[in-house]
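Let me begin by presenting the structure, written as structure tokens, before commenting on it.
Computation of the quantities below employed the complete heavy-atom set of this structure, encompassing side-chain atoms and omitting hydrogens, waters and symmetry-equivalent molecules. Numbering of residues begins at 1 and proceeds along the displayed sequence. One-based numbering, in listed order, for ligands and for the atoms of each.
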Amino acid sequence: MIVFNEEDKIFHLSNKYISYILKIDEYNQLLHIYFGKKIQNSNFSHLVEYAKRAMASCPSMDKNNNSYEHMRQEYPQYGHGDMREGAYEFIHNYGSNVCQFEYKCYEITRGKKKIKGLPTVETVECDTLSITLEDKILNSQIILYYSIFDEEACISRRVEVKNFSDSPLKIEKLLSMSLDFYDNQYEMIDLYGAWSRERYIERHKLHYGKQSISSMRGHSSNNFNPFFALARKETTENIGECFGFALVYSGNFEADVYVDTYDVTRVMFGIESSTFGWTLNKNEIFYAPESILVYSNEGFNKMSNVFHKVINKYLIRDKWKNKVRPILINNWEATYFDFNEEKIIEIATIAKEMGVELFVLDDGWFGKRNDDTSSLGDWFVNYDKIPSGINGLSEKIHDLGLQFGIWIEPEMININSNLYNEHPNWLVGDKNYLISQSRNQFILDFSNDEVVDYIFKLLDNVLKDSKIDYIKWDMNRSISEAYSQNLNATSQKEFFHRYILGVYSLYEKLISKYPDILFESCASGGARFDLGMLYYAPQTWTSDNTDAIERLKIQYGTSMLYPLCTMGSHISAIPNHQLFRNTPLNTRANVAFFGTFGLELDVTKLKNEEILEISKYIEFMKDYRKIIQFGDFYRLINPFESNRCAWMVVSEKKDIAIVGVYKILQNVNGPYEKINLQGLDKNKKYTVNSKYECYGDELMNYGLVISDEGSGERSGSYKIEKGDFSSMIYLIKEKEEV
Ligand code: DGJ
């Protein structure tokens with residue numbers, strides 16, 4: 001619901017859970033009043049506080065208590081009395097960056113629509129407020145959009161700029177949201193990392209001044225994810241207040257938390273401004289990406305739960321909404337580049353017998369690609385390796401009863417390729433200087449529509465005659481020497497945003513022609529795991545690190561924002577290819593269950609008993625994937641803080657729960673251990689692994705006992721399942737009435 005108090009000019013957006021309140025002041029500026037737990041509607045004018053403060057710049061001669069530096073603002077501009085960082089900056093044709101956007105009008109509509117060319121949350125289950133601000137001198141408008149969802153503690157915000165002037169409008173900075181919190185008693189939580197250790201959780205107290213995370217690599221990155229949260233010191237997974245913020249965008253971003261010396265906390269999120277600039281011509285519109293704001297007063301688990309619901313209900317495209325993900329086998333760690341058609345068919349045949357549903361042919365099927373030095377850009381089959389071609393192989397795999405998918409890396413080019421010989425100017429980089437390679441590859445200029453169209457045609461040639469059900473879209477390097485030969489000298493700062501628009505446009509082209517193909521995005525694993533990608537590709541290869549124990553941290557951190565159905569997770573071989581670690585097969589499965597689940601190993605080399613064991617795991621996943629991928633997920637024990645990890649999912653009806661408990665290192669002669677489960681029905685009677693019965697309140701309040709007897713005392717009775725890296729799945733089912 002959105003109400004507007006005409007007299008006091010206050011907007012109140014609210015649903016069952018949250019309120020968001022803002023006001024237009026006497027100078028037609030927007031002030032922020034509140035975002036948090038729902039409060040009843042009334043007149044909130046008295047919540048705007050004023051203070052006389054020395055050195056403050058005020059807008060009029062008759063008052064000296066209303067400096068914008070000391071007012072909480074909704075979408076601030078730097079320099080108009082407010083000396084904090086602003087959310088936007090425009091330059092007049094005479095060089096000034098001073099402007100004054102004032103409230104002009106508002107509109108309230110039902111539902112929200114897609115933004116042109118950008119991934120967007122789409123639904124009719126929300127109300128949308130748009131507020132138009134206008135600068136008469138610039139002859140331009142900023143339109144702020146707020147959508148409040150009917151059923152979730154969530155608001156989305158985005159911004160558009162329209163230029164009506166004959167002179168082009170130079171945009172130097174345009175963030176997607178800004179918000180001033182009343183105080184600074186928060187901690188910031190973000191997801192940091194690197195290749196193979198993506199999305200580790202960091203939590204720190206706010207300090208005065210600016211703390212920020214960002215990416216300037218041309219992709220959202222594995223260094224920092226476009227997500228952060230603010231939480232009270234006492235907030236845990238299950239109690240306390242927190243606010244989560246995420247950006248529906250895959251390119252450069254910045255997330256800034258700025259605490260001023262009066263303890264106000266300003267939060268801002270959007271496209272990274274130092275690598276961005278845009279010239280907006282007459283009657284053009286610039287669309288800033290959407291941001292998602294979530295409130296929870298039941299800790300981080302609730303915050304994640306709301307994000308998961310919003311992503312699953314409103315972001316993932318219709319075809320894949322609430323649809324279980326196929327169990328796949330990918331040949332990368334089985335063969336790397338060294339395969340032929342025969343080997344592929346051999347793997348697929350055994351995988352089919354094990355219950356796998358989809359075969360994915362990874363890197364190496366095209367051009368002359370036998371290692372990573374050549375052929376990116378040459379998207380036509382290598383008949384030496386695959387004599388039947390992709391169309392023939394896809395038929396054969398389908399004849400086995402499996403779906404078929406291929407790997408592509410469309411944004412990249414090797415110098416050693418036909419594409420480079422034909423189009424050397426399509427490389428990103430300044431030819432007057434060295435252009436850095438990374439994994440022997442270079443970036444194709446996706447800011448150029450001609451390049452995007454050309455790559456679409458090449459891919460279309462492969463897809464149109466073949467039975468392709470799935471595409472793994474990889475992207476294995478960051479963008480360096482970001483210079484486009486396609487853009488003129490004054491537009492170079494548009495490159496990064498135009499590049500990502502090019503990526504989105506290729507996705508749009510492919511999806512509109514091939515709506516049934518399931519895309520899995522990948523960037524050396526999880527270097528572009530973001531809400532922008534999920535709009536097109538409903539799942540992401542979470543990490544190149546397939547070691548089960550390392551995956552605990554990666555999947556635990558990733559779950560802060562992303563639902564399990566989006567996280568690619570596979571059983572791989574031991575010793576693990578990244579860590580050289582040996583983990584029991586059941587632990588590798590018990591970790592992979594909490595994601596999309598698949599295999600990434602050479603099944604032709606497995607022993608019979610291993611094939612049977614994995615087949616049982618596949619059966620288990622088929623039985624329970626609906627609950628795992630779309631149920632309510634709870635983090636229970638944090639692997640960053642202890643020698644254990646545990647998490648669980650609960651079905652919507654609360655009749656089934658699946659708990660994964662993982663021991664990192666075995667302790668000797670340790671204490672008894674139990675975990676307090678979450679989300680069950682306290683009055684339901686459950687059976688635990690068909691072994692005993694108890695009520696939901698026992699499992700939540702006393703806890704699930706997870707102690708084991710393995711104290712290391714009798715080595716003769718030691719079993720690998722009980723020692724280091726061991727794990728257990730607890731299947732908790734409502735007891736059926738007889
Ligand atoms: C990086 C990916 O993350 C891997 O899974 C694999 O697809 C390789 N690229 C192939 O080059």
Original post:
Does atom NZ of Lys457 have more than 12 heavy-atom neighbours, drawn from other residues, nucleotides or ligands, at distances under 6.0 Å?
Top reply: no
**OP:** Identify whether the distance between the nearest side-chain nitrogen and carboxylate oxygen of Asp453 and Lys509 falls below 4.0 Å.
**Re:** yes
Original post:
Does an N or O from Arg369, backbone or side chain, lie closer than 3.5 Å to an N or O of ligand 1?
Top reply: no
Original post:
Are the aromatic ring centres of Phe366 and Phe380 under 6.0 angstrom apart?
Top reply: no
**OP:** Could you tell me whether Phe337 and ligand 1 have an N or O pair separated by under 3.5 Å?
**Re:** no
Original post:
Under a 4.0 Å heavy-atom limit, does Asn476 contact ligand 1 with its side chain, its backbone, both, or neither?
Top reply: side chain
Original post:
Are Ile311 and Val121 side-chain neighbours, meaning at least one heavy-atom pair lies under 4.5 Å?
Top reply: no
**OP:** Give the atoms of ligand 1, by number and element, whose distance to some non-hydrogen atom of Trp541 is under 4.0 Å.
**Re:** 3 (O), 5 (O)
Subject >> Aromatic plane relationship, Trp407 with Trp379 - under 30° parallel, 30 to 60° tilted, over 60° perpendicular >> reply: tilted
**OP:** Answer yes or no for Arg439: is there a heavy-atom contact with ligand 1 below 4.0 Å?
**Re:** yes
**OP:** Indicate, with yes or no, if the rings of Tyr470 and Phe404 have centres closer together than 6.0 Å.
**Re:** no
Original post:
Which protein heavy atom lies closest to atom 7 (O) of ligand 1, and at what distance to 0.1 Å?
Top reply: Asp362 OD1, 2.7 Å
Subject >> Side chain, backbone, both or neither: the part of Ser524 lying under 4.0 Å from ligand 1 by heavy atom >> reply: backbone
Original post:
Closest non-hydrogen protein atom to atom 3 (O) of ligand 1, residue and atom name please, with distance?
Top reply: Asp544 OD1, 2.2 Å
Original post:
Is the closest heavy-atom distance from Lys472 to ligand 1 below 4.0 Å?
Top reply: yes
Original post:
Does NZ or CZ of Arg551 lie under 6.0 Å from the centre of the six-membered ring of Trp541, at an angle within 45° of the ring axis?
Top reply: yes
Original post:
Which atoms of ligand 1 are found less than 4.0 Å from any heavy atom of Cys522?
Top reply: 2 (C), 3 (O)
Subject >> Protein residue, atom and distance nearest to atom 9 (N) of ligand 1, heavy-atom basis >> reply: Asp474 OD2, 2.7 Å
Original post:
Near Asp363, which atoms of ligand 1 are under 4.0 Å from a heavy atom of that residue?
Top reply: 10 (C), 11 (O)
Original post:
Do Phe253 and His219 have their ring centres less than 6.0 Å from each other?
Top reply: no
Original post:
If you count the atoms of ligand 1 from 1 in the order shown, which ones are under 4.0 Å from a heavy atom of Gly525?
Top reply: 3 (O)
Original post:
Which residue, Phe245, Tyr249, Phe228, forms the ring-ring contact (aromatic ring centres under 6.0 Å, His included) with Phe269?
Top reply: Phe228
